[in-house]
Amino acid sequence: MPDLELRFAVSPPEERSADNGLIVMRGYAYRFNDLSHNLGGFRERIVPGAGAPSLRQNDVLATFNHNANALLGRTDAGTLRVGEDREGGWYEVDLPDTTTGRDVAELLKRRDLRGSSFTFGVLDGGQRRADEDDPETGLPVREITAMNVVELGPVVNPAYPTTQASLRSIERALSIGEFAPPAEVRDSQPADLVPASHHAARALFRALSQ
């Protein structure tokens, strides 16, 4: 399985009411050709069609804050619908009548959710360095052409890290210097300084990699 990474889409999800009384949430997990912020020495864009095959084939999960215990829906159950259109990778989930589902519905009404995020792995040959670097910052641009999307959903905070292993893969693909911090620096960071959301994301990495 490819090394898993997390990315954030800034457009907030929307609440919609269905005829059957369900509260439906719709959002974009990613948008095509939008240039990301600085991801640690490079910027990134997703090309159209990059995730379409995996969205059609995978049992994609929708979670809140990348927490596997805060499940909102899944494609195999028909409670989550996913796909790509001209703008990007969209999702639509029937919010469950659970504590998490009701909380998310209330946060949607209050406009407290800032956006969505998704978990993916770049497939073999699915990344390349763009012909031109970013003219604004001079940073190289990574283009993702084929990826395996396994999970997505609304998030409160966008600050999710890229894994050390995937950074090495990116470095090789872009033919540029080291992006990741030295292992001894990363591993020496006190646990209480690591945001709780990062612990949840790492737990999801482990669960999806099994």
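Each residue takes its place number in the sequence, starting with 1. These values consider heavy atoms only, across backbone and side chains, with no hydrogens, waters or symmetry-generated copies.
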Notebook entry, point to check: Out of curiosity, Met25 CE to Glu92 CD, how far, rounded to the nearest 0.5 Å?
Noted result: 10.0 Å
Notebook entry, point to check: Hey, quick one: are Val47 and Phe42 part of the same hydrophobic cluster, counting side-chain heavy atoms closer than 4.5 Å, chains of contacts allowed?
Noted result: no
Next item on the list: Check whether any side-chain heavy atom of Val156 lies under 4.5 Å from a side-chain heavy atom of Asn65, and answer yes or no.
Entry: yes
Note to self: Looking at Arg111 and Leu108, would you say the former's side chain and the latter's main chain have a donor-acceptor pair under 3.5 Å?
What the structure shows: no
Notebook entry, point to check: Can you tell if the side chain of Phe118 reaches within under 4.5 Å of the side chain of Val60, non-hydrogen atoms only?
Noted result: no
Next item on the list: Taking all heavy atoms of Leu61 and all of Leu80, pick out the closest pair and write down the distance.
Entry: C-CD2, 3.9 Å
Margin query: With a 4.5 Å cut-off on side-chain heavy atoms, are Arg45 and Asp134 touching?
Written below: no
Margin query: Can you list, by chain and residue number, the hydrophobic cluster partners of Tyr28 when the side-chain cut-off is 4.5 Å?
Written below: Trp90
Notebook entry, point to check: Can you name the residues that form a side chain to side chain donor-acceptor pair (under 3.5 Å) with Arg26, not counting sequence neighbours?
Noted result: none
Checklist line | Set of salt bridge (charged side-chain N to carboxylate O under 4.0 Å, His left out) partners for Glu84, sequence neighbours left out | finding: none
Item checked: Ser36 side chain to Glu44 backbone, donor-acceptor under 3.5 Å -> yes
Checklist line | Single hit among Asp94, Thr98, Thr99, Val93 for side chain to side chain contact (heavy atoms under 4.5 Å, CB included) with Pro96 | finding: Thr98
Next item on the list: Check salt bridge (charged side-chain N to carboxylate O under 4.0 Å, His left out) between Asp103 and all other residues, then give those that pass, not counting sequence neighbours.
Entry: none
Check: Under 4.5 Å between any side-chain heavy atoms of Ile144 and Arg7, yes or no?
Finding: no
Item checked: Validation row: Glu132, Val141 side chains within 4.5 angstrom (heavy atoms) -> no
Notebook entry, point to check: Considering residues at least two apart in sequence or located in another chain, which fulfil the side chain to side chain donor-acceptor pair (under 3.5 Å) criterion with Arg74?
Noted result: Asp59
Check: Does a donor on one side chain sit under 3.5 Å from an acceptor on the other, for Glu151 and Thr119?
Finding: yes
Margin query: Let's go through Leu95 and Phe64 carefully: what are the C-alpha distance in whole Å and the side-chain angles of both, what is the deciding distance for side-chain contact (heavy atoms from CB on, under 4.5 Å) to 0.1 Å, and is it a yes or a no?
Written below: CA-CA 11 Å; Leu95 293 179; Phe64 179 45; over 6 Å; no
Item checked: Side-chain touch Val104/Ile23, heavy atoms, less than 4.5 angstrom -> no
Note to self: Under a 3.5 Å distance rule, please check whether Thr75 uses its side chain to pair with a backbone N or O of Asn58 as donor and acceptor.
What the structure shows: yes
Note to self: Could you report the tightest heavy-atom contact between Ser117 and Val155, atom names first, then the distance?
What the structure shows: CB-CG1, 3.7 Å
Next item on the list: Under the salt bridge (charged side-chain N to carboxylate O under 4.0 Å, His left out) rule, collect the residues that match up with Glu87, sequence neighbours excluded.
Entry: Arg31
Check: How long is the span from the CE atom in Met147 to the CG atom in Leu55, to the nearest 0.5 Å?
Finding: 7.0 Å
Note to self: Please check: side-chain N/O of Thr63 versus main-chain N/O of Leu71, any donor-acceptor pairing under 3.5 Å?
What the structure shows: no
Item checked: pair Thr100-Leu72: side-chain heavy atoms closer than 4.5 Å -> yes
Next item on the list: Mind checking the CG-CG spacing from Asn38 to Leu139? Nearest 0.5 Å is all I need.
Entry: 5.0 Å
Notebook entry, point to check: Under 6.0 Å from the CG atom of Asp85, do we count more than 12 heavy atoms belonging to anything else shown?
Noted result: yes
Notebook entry, point to check: What pair of heavy atoms forms the shortest contact from Pro13 to Pro154, and how long is it?
Noted result: CG-CB, 4.3 Å
Notebook entry, point to check: Can you find a heavy atom in the side chain of Arg86 that is under 4.5 Å from one in the side chain of Phe32?
Noted result: no
Next item on the list: Report the distance from atom CD of Glu106 to atom CG of Leu113, rounding to the nearest 0.5 Å.
Entry: 10.5 Å
